[in-house]
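Here the structure comes first, spelled out in structure tokens, and everything after it is commentary.
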Amino acid sequence: MTENDSLWIFGYGSLVWKPDFTFKRSQVGYIQGYKRRFWHGDNFYRGNEDMPGRVVTLVEDDDASTWGVAYEVTGSQIEEALKYLNVREMELGGYVTRAVEFTPREEGQPPLLALVYIATHNSPTYLGPATPEEIATQIATCRGKTGHNIEYLLRLAEFMRLCCPEVEDDHLFSIEAATLALVPYLLGSKQAIPTM
């Protein structure tokens, strides 16, 4: 593998704020044909075996697009990033990989091919659809090795508002609103609420 080798990796969940691998550069942008949904269970990072948290995956939808961050890894970074992500996303997360076309937000930048990790309904930790209120209740009560499930939700919403302010992600923001509505109740029960 030479320094000229290059691979782009698209993140749409925790990868947008916590890639945890070395990369050459990153770009905010979107992929077409997928919608982001809190339909995947997490029994390690944001939950446990008894109370799995809710994290995002991608669901095919021709009319949808999903915004996130693409990271370019080059040379020896490629093997290191893939080795790390194969544990984080595939072994512990139940995700599979696909190649997708990524369109950078910055004008004048051509689309590029990127690797993305997607949890399918065949995964043993796949939870499937639920109402925003049901998802919020689950998120509000779950915690895993890397922290509270609420932190995951709030950081994703924060990314969208800061980096893609023109994009209205109804699914994400409705779950955020439903979860924040539960906070006074959680404070009353003295359950620890994560801070950003």
Side-chain angles (χ1 to χ4, degrees), residues 6-21 23-42 45-46 53-73 81 84-85 88-90 93-121 123 126-132 135-136 139 146-147 149-180 196:
S6 175
L7 172 70
W8 286 88
I9 298 167
F10 178 68
Y12 57 90
S14 59
L15 285 182
V16 302
W17 74 84
K18 190 177 172 58
D20 277 347
F21 56 82
F23 56 92
K24 181 178 179 180
R25 60 184 170 137
S26 64
Q27 295 191 70
V28 172
Y30 65 89
I31 61 171
Q32 281 291 140
Y34 292 93
K35 57 189 178 185
R36 174 173 38 219
R37 290 293 181 264
F38 274 87
W39 290 0
H40 192 54
D42 182 345
Y45 295 108
R46 299 292 176 174
R54 283 257 182 183
V55 293
V56 292
T57 185
L58 296 177
V59 178
E60 289 187 43
D61 182 339
D62 291 340
D63 299 323
S65 60
T66 296
W67 285 77
V69 180
Y71 300 93
E72 184 185 23
V73 288
Y84 168 72
L85 289 171
R88 172 172 163 170
E89 306 294 336
M90 297 176 82
Y95 291 73
V96 297
T97 57
R98 290 191 188 159
V100 293
E101 185 178 274
F102 170 81
T103 303
R105 181 177 181 191
E106 189 179 333
E107 284 189 30
Q109 295 293 314
L112 49 92
L113 199 63
L115 183 72
V116 67
Y117 290 79
I118 301 173
T120 69
H121 63 273
S123 169
Y126 188 79
L127 298 174
T131 67
I135 293 173
I139 287 174
T146 57
N149 205 174
I150 292 178
E151 181 197 14
Y152 177 99
L153 167 67
L154 296 182
R155 285 193 183 276
L156 188 52
E158 179 185 49
F159 160 77
M160 287 300 294
R161 289 196 177 96
L162 288 176
C163 298
C164 321
E166 74 283 6
V167 180
E168 186 60 37
D169 190 325
D170 293 334
H171 178 77
L172 171 62
F173 294 145
S174 65
I175 292 168
E176 179 194 32
T179 304
L180 291 176
M196 293 289 285

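All values below come from the heavy atoms of this structure, side chains included, with hydrogens, waters and symmetry mates left out.
- Residues Leu112 and Pro104 come closest through the heavy atom pair CD2-CG, 4.4 Å.
- Checked by atom type and distance alone, the side chain of Tyr12 pairs as donor or acceptor with a backbone atom of Tyr117 at under 3.5 Å.
- Note that the OH atom of Tyr34 and the CG atom of Asp62 stand 10.0 Å from one another [nearest 0.5 Å].
- For the atom pair Arg54 CZ and Arg37 CZ, the distance stands at 12.0 Å (nearest 0.5 Å).
- Taking the six-membered ring where the residue is Trp, Phe38 and Tyr152 present perpendicular rings, their angle passing 60° and hence far from 30°.
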Dump the intermediate steps for side-chain contact (heavy atoms from CB on, under 4.5 Å) on Glu89 and Leu15, then the final yes or no. CA-CA 10 Å; Glu89 306 294 336; Leu15 285 182; 4.2 Å; yes
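- One finds the CG atom of Leu153 at 11.5 Å from the CD atom of Glu158 (value rounded to the nearest 0.5 Å).
- Within 6.0 Å of the CD atom in Glu166, the count of heavy atoms belonging to other residues, nucleotides or ligands exceeds 12.
- Residues Gly147 and Arg46 approach most closely at C-NH1, 3.5 Å, considering heavy atoms.
- Residues Phe23 and Trp8 place their aromatic rings such that the two centres sit no closer than 6.0 Å.
- Ring-centre distance between Tyr71 and Phe21: below the 6.0 Å cut-off.
- Using a distance-only test at 3.5 Å, with no hydrogens or angles considered, no donor-acceptor pair links the side chain of Arg36 to the main chain of Thr66.
- One finds the CG atom of Leu172 at 14.5 Å from the NZ atom of Lys35 (value rounded to the nearest 0.5 Å).
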Applying salt bridge (charged side-chain N to carboxylate O under 4.0 Å, His left out) to Lys18 and Glu151, what does each step give before you reach the verdict? CA-CA 12 Å; Lys18 190 177 172 58; Glu151 181 197 14; over 6 Å; no
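- Annotation: side chain of Leu154 is in contact with side chain of Leu180 (closest heavy-atom distance under 4.5 Å).
- Among all heavy-atom pairs drawn from Pro132 and Ala178, the shortest one is O-CB, 3.9 Å.
- For the pair Pro19 and Arg88, the tightest heavy-atom approach, listed with the atom from each and the gap, is O-NH1, 3.3 Å.
- The closest side-chain heavy-atom distance from Leu115 to Leu85 is not below 4.5 Å.
- Under the 4.5 Å side-chain criterion, counting only non-hydrogen atoms from C-beta, Val28 is in contact with Cys164.
- Taking each heavy atom of Gln32 and Ala64 in turn, the nearest pair found is NE2-O, 3.4 Å.
- Rounding to the nearest 0.5 Å gives a distance of 6.5 Å between CD1 of Ile118 and OG1 of Thr57.
- One distance of note links OG1 of Thr120 with OH of Tyr126; it measures 8.0 Å at 0.5 Å rounding.
- For the pair Leu156 and Val16, the minimum side-chain heavy-atom distance is below 4.5 Å.
- Of all heavy-atom pairs between Trp67 and Phe159, the closest is O-CE2, 4.3 Å.
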